[in-house]
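Just so it is clear, the structure is predicted and the values come from calculations on it, not from any experiment. Numbering of ligands and ligand atoms starts at 1, following listing order.
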Amino acid sequence: MSRRRSVTIAVVLGVIATAIGIVLSYVIHWFPAEASTQAHETDTLYHVLVIASIPIFVLVLGVVLYSVWQFRMRPGEELKDGPPIHGNTRLEVFWTAIPTVLLLGLVGYSFVVLHNNEKKPAHEIQIDVTGQQFAWSYQYPSALTGGAPIDSYQLYVPEGESVEFNLHSKDVIHAFWVPAFRIQEDVVPGITTHWRATPDRLGSYPVVCNLLCGLGHSLMRSTIHVVTPSAFQAWLASQRSSSTPGAASAAAGAGTSG
Ligand SMILES: [Cu+2]
């Protein structure tokens with residue numbers, strides 16, 4: 001077989017393997033619902049990273065498999081050594097320059113996505129989150145309630161408004177993670193950490209502690225309810241009449257989640 005023909009076959013096989021890889025990576029449903037503007041940006045970044053990685057994976061694995069097949073040791077060759085090859089400047093420049101350009105491009109794009117996701121908007125509401133072994137509780141400050149602060153075990157946020165979560169821990173390090181928003185941050189005793197998201201899809205989504213924080217870690221879960229701004233105001237009003245955290249909120253919240 002001529003060398004040109006072998007290269008053509010290798011390229012065609014590589015393209016087919018890449019196409020199969022990309023199709024497989026999309027057929028499998030990896031992610032929960034996208035419920036924030038940040039989630040869309042993060043998922044697009046993920047797709048770009050996957051599509052960029054698959055041809056490289058195919059190339060590297062192809063070279064490995066070809067070498068194992070073509071250059072394997074045959075019986076009687078146990079004591080032989082490989083040919084003495086000393087470097088190939090052109091090849092080395094090539095395999096340094098291409099990954100450098102690729103990595104700088106992807107790192108730059110990731111930075112832009114992270115920067116956009118963390119950008120502070122003109123208007124934003126604040127909710128304090130407290131983690132402790134093994135539960136989450138939420139404090140809605142006076143600026144938000146228009147009266148006394150509200151302390152609750154329920155997390156309600158209005159759709160379409162940027163929310164900054166200020167994270168506090170009473171004991172050990174936790175991580176406040178809303179998979180549907182694609183964001184998490186460590187919750188560290190002694191300091192306040194933050195993250196922000198703009199919910200853009202009505203519904204109820206899991207809140208998960210994502211750092212092993214003790215025996216009850218797997219039970220440290222909660223729910224975030226994304227409701228319309230008017231339903232959010234109604235929920236706040238229903239909480240104002242109750243001074244005990246969590247009490248009465250179950251009944252008030254039942255009609256607004258969905
Ligand atoms: Cu935990």
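- The hydrophobic cluster containing Y66, built from Ile/Leu/Val/Met/Phe/Trp/Tyr side-chain heavy atoms closer than 4.5 Å, also comprises W69, F71.
- Within the protein, the N, O or S atoms sitting under 2.8 Å from the Cu ion (ligand 1) are C209 SG, L211 O, C213 SG, H217 ND1.
- Both tests pass for R182 against the ring of F31: distance under 6.0 Å to the centre and angle within 45° of the axis.
- Just one of Q184, R221, H217, Q133 meets the side-chain contact (heavy atoms from CB on, under 4.5 Å) condition when paired with C209; it is H217.
- Aromatic rings from H47 and Y26 are positioned such that their centres are separated by under 6.0 Å.
- In this structure, L91 places its CG atom where more than 12 heavy-atom neighbours from other residues, nucleotides or ligands lie under 6.0 Å away.
- At distances below 3.5 Å, not a single donor-acceptor pair connects side-chain atoms of Q126 with backbone N or O atoms of L144.
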